[in-house]
Every structure is written in C-alpha cells, then in structure tokens.
Amino acid sequence: ADLPLRPELVGDEPYGAPQLDVPVCLNVNENPYPPSDAIRREMADAILAASGRIDRYPDREASALRAALAGYLGHGLTSANVWAANGSNEVMTHILGAFGGPGRRCLTFTPTYSMYPEYARNTHTDYVTVPRRADYTLDAGLVLDAVAAHDPTVVLITTPNNPTGTSTPVAVIEEVLAGTDAIVVVDEAYQEFSRTPDDTALSLLANHGNLVVSRTMSKAFALAGGRVGYLAAASAIVDACRIVRLPYHLSAQTQAIAEVALAHAEEMLAKVDLLRGVRDDLAVRLPALGFDVVPSDANFVLFGRFADRHAAWRTLLDQGVLVRETGPAGYLRVSAGTPQEMAAFYAALEGVRADG
Ligand code: PMP
C-alpha cells in the first residue's frame, strides 16, 4: 500500500484472457496445429547452433529475421522496411513509444482489441475511441471526422478487426491516408485468414510514409509461443522503433525459431485454408441453431445474443470448452479449432440457447 505506484495503475489487475487447463481452448484465436516433427527438429537444431554463442548478445538488429519477413511479405519490401519484436504487442508499444507519449493521442474504433488501452497506458499516451458503425464496419468519413475531432498522432485501424472479424477495405485506408498526416497503423494480425487476403494495406506502403502495417506470426503462422510480431513501414518509421526498443529485445532463440518457421512458410501456413473453412462453417451452422453471427474475415466468430453471456460461457466451460467472453454485450467469441475441437464445441452448445 505504501509503494509509490503510478496513480493510474492503482487498482489495476494484470490483464489477459483466463489461461485455464481445459480440454478445448477456443478463446485466444490460436492456430491449433503445431509444426511437423521435421520442422520442430530443425527449430531445435537452430537453437542448438545459437546456443554455441549464447554467451554473446544476439543480433540487436535481427537482420536475418527482418530480411526473411520482408521476403515473406513481398510488395518490394526490404529489411529496412521491416521491424520485429516479441509479438505485435511489443511492436505496438514501440510505435506508441515513438509516436505517442505524454500529451499525445492514439485514436481507435470500438469494439476492438482489448490490449490497445494497455499499450497506451504504458506509454503515457491518451487513448481515445470512437464507435464503429452498427455493423462494425468503418468508412473514411467516420475515421476522418474522428481524426478532426481528436487530433491524434496515431490512428489505429484493425482489419480484420478483433473481436468482430470485420474487414476494412484497402480503398477505405487509402482515403483515410489522403486525409491525415498522423501515423496510420493498420493491424492486420489476422490478414492471412481473410476472404480477400490480397486486399492488404501493404500495397499502399510505397506511396505513404505515415503508414504502418502490423502483422504477427502468432495466428496464421501457428507460432504464438515463439512471440514474434512485426511491422512494415517506411524505413524512417523502422528507425524510430529502433530508438525506443530495449537493447537486444529479441532473444537468439526467438530469432532462430522464427527464421526456421519462415524458411518453411508454406508448411507453417498450410492449415489456414482449413481454418477458414471452419470459420465459414460457423457462419452457417450457428445461425441455423438460432444464434446471431457477425460476418468474419478472421479465424474466429462472434456469436450471440445472450441475455446472460457469462452463464452461457460457464455452461460451455463446464463441458470443457473455453471460449472468450469479450466484445459487444450479449456476445461470445469462438476461435476456429480442429474438427475434434469443433465437434466438442457444437456438442457443448446444445446446452446453450440464444435469447434473441
Ligand atoms: N492485434 C490483434 C488484433 C490481436 O488480436 C492480437 C492477439 N490476440 C495481437 C495484435 C497480438 O498478437 P501477438 O502479440 O501475439 O503478436
């Protein structure tokens, strides 16, 4: 009680989804398919090789990893246009560390990813939100009106959005960029699962020095445990991130594992089509069972409505199925899992009804 804690942290709890030991975890939008034995062995060999010089600091610039990420993204990007960190969580912290800060504002559009206010708080950046339209979409008018009203230095647009799964077309992002000089961060954490994966803000980078496209290896790449997120942007933005990062922020093991994953990108991404199918199946089966579903381009679906969503969440959990209690009132979010996990989810759902 006597600790000189920052006043804005007093009473705060560490934030995060419950990590419960249950048979079926469909709560944090992971890819449920681990890498093959051959890739795992290669990762182990890469760590063994790196450990031969583990007495030394790792490559502070993560040069090989950034070059591999640039190669994966294409669009003429080079390692100078790519920055990597421990999850896109840390990437966003670097962006706000460089372009937010005291007296500055980050603007985003709700409902959206629940970690953003934490990054803002930790970097002393004001966090301002404006509601999306009733169907959770965004148009350039809504975004630019909000920019005019709040004068942010960072505008954050999540597409596909978490927790709704809603995409914002590149044409809208382009219109937004035409109307603001703020840093526009497009969080494409789930882009590979989109029904239109090539409709990506990466295509706008060549013409917009204030655009940042954030990605992660945690979802489509099935590397959530490896903790690698990254961004693509003009080299001046990457250089700003290099100023605020902690020294040697990416461990030698992290870099080694991620490089192996990228060398086998096709195989690591092999289950994306399957998971898209599971997502599309949810969009058909849940309405047939009387649930409302929000159209999704991600590997999860928001469904409802429940008069008491916590009771519905609990009923599923009691049957060993963990989903996420998040998003608009009355809704739950379920991630696309394996066929066995989905069978368990649909079976558990028999004990749950929508309330209209
Ligand atoms: N952005 C969005 C929209 C997310 O949903 C998530 C993870 N749930 C992240 C970023 C962070 O992912 P990571 O730190 O694992 O890269």
Side-chain angles (χ1 to χ4, degrees), residues 3-16 81 83-132 138-159 161-162 168 172-189 201 204-205 208-216 229-247 249:
L3 297 175
L5 192 63
R6 281 165 52 188
E8 65 272 31
L9 301 182
V10 172
D12 273 11
E13 294 287 333
Y15 179 82
N81 303 118
W83 182 242
N86 293 282
S88 47
N89 289 111
E90 189 179 32
V91 169
M92 276 303 303
T93 308
H94 290 163
I95 289 290
L96 290 181
F99 299 103
R104 290 178 162 206
R105 225 159 282 147
C106 169
L107 168 69
T108 190
F109 303 90
T110 48
T112 194
Y113 183 38
S114 45
M115 280 301 289
Y116 296 143
E118 314 267 319
Y119 315 150
R121 182 199 62 199
N122 292 352
T123 57
H124 307 263
T125 308
D126 284 343
Y127 183 69
V128 183
T129 63
V130 166
R132 290 169 167 259
L138 287 178
D139 59 62
L142 187 156
V143 173
L144 290 174
D145 285 351
V147 168
H150 298 290
D151 193 26
T153 55
V154 179
V155 181
L156 180 46
I157 296 175
T158 315
T159 178
N161 184 43
N162 179 9
T168 300
V172 171
I173 307 289
E174 195 169 15
E175 262 185 274
V176 169
L177 286 162
T180 181
D181 293 329
I183 300 288
V184 175
V185 181
V186 181
D187 185 346
E188 293 189 349
L204 304 175
L205 282 170
H208 297 280
N210 57 331
L211 172 63
V212 175
V213 182
S214 171
R215 294 275 186 111
T216 181
Y230 55 103
L231 64 73
S235 58
I237 289 181
V238 172
D239 288 344
C241 291
R242 291 170 61 229
I243 293 172
V244 297
R245 57 111 178 90
L246 294 174
H249 67 293

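In this structure a side-chain-to-backbone donor-acceptor pair under 3.5 Å is missing from H249 to E90. Proximity of a side-chain donor or acceptor of N81 to a complementary backbone N or O of A233 within less than 3.5 Å is detected. Checked by atom type and distance alone, the side chain of T125 never pairs as donor or acceptor with a backbone atom of G100 at under 3.5 Å. Within the 3.5 Å criterion, the main-chain N or O of L231 finds no donor-acceptor partner in the side chain of S214. Counting only distance, with no hydrogens or angles, the side chain of E188 and the backbone of V213 share no donor-acceptor pair below 3.5 Å.
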- For the pair T158 and T112, evaluate side-chain hydrogen bond (donor to acceptor under 3.5 Å, both in side chains) and give the outcome as yes or no after the intermediate values. CA-CA 7 Å; T158 315; T112 194; 3.2 Å; yes
- Task: Give the intermediate values and the outcome of side chain to side chain contact (heavy atoms under 4.5 Å, CB included) for residues I157 and I173.
- Result: CA-CA 9 Å; I157 296 175; I173 307 289; 3.9 Å; yes
- Would T129 and Y116 count as a side chain to side chain contact (heavy atoms under 4.5 Å, CB included) if you check the C-alpha gap in whole Å, the side-chain angles of each, and the deciding distance to 0.1 Å? CA-CA 10 Å; T129 63; Y116 296 143; over 6 Å; no
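Counting only heavy atoms from C-beta outward, the side chains of N89 and Y119 approach each other to under 4.5 Å. At a threshold of 4.5 Å between non-hydrogen side-chain atoms, the residues Y127 and T108 count as touching. Between V172 and T159 there is no side-chain heavy-atom pair separated by less than 4.5 Å. The shortest distance between side-chain heavy atoms of T93 and N122 does not fall below 4.5 Å.
In this structure, the separation between CG on D139 and CG on D145 is 8.5 Å, given to the nearest 0.5 Å. The distance from the CG atom of L156 to the SG atom of C106 is 5.0 Å, given to the nearest 0.5 Å. From R105, atom CZ reaches atom CG of D151 across 6.5 Å, with rounding to the nearest 0.5 Å. Between the CG atom of D239 and the CH2 atom of W83 there is a distance of 9.5 Å, given to the nearest 0.5 Å. Taking CZ of R121 as the start and CG of L9 as the end, the distance is 5.0 Å to the nearest 0.5 Å. Taken to the nearest 0.5 Å, the CE atom of M92 stands 10.5 Å off from the OH atom of Y113.
Shown here for I183 and V212, the closest heavy-atom pair between the two residues is CG2-CG2, 3.8 Å. The two residues G209 and A234 come nearest to each other via the heavy atoms O-CB, 4.0 Å. Shortest non-hydrogen contact noted between L205 and L211 is CD2-O, 3.6 Å. Shortest non-hydrogen contact noted between L144 and V176 is CD2-O, 3.6 Å. When all heavy atoms are compared, the tightest approach of A140 to E175 is CB-CB, 3.4 Å. Contact record, R104 with A98: NH1-O, 4.4 Å, taken as the closest heavy-atom pair.
For the residue pair S114 and Y15, a side-chain donor N or O sits within less than 3.5 Å of a side-chain acceptor on the partner.
By the 4.0 Å N-to-carboxylate-O rule, D187 lies too far from R215 to be salt-bridged with it.
Looking at T110, V147, L142 one by one, the single match for side-chain contact (heavy atoms from CB on, under 4.5 Å) with V130 turns out to be L142.
Applying the side-chain contact (heavy atoms from CB on, under 4.5 Å) criterion to A182, with sequence neighbours excluded, gives V155, T180.
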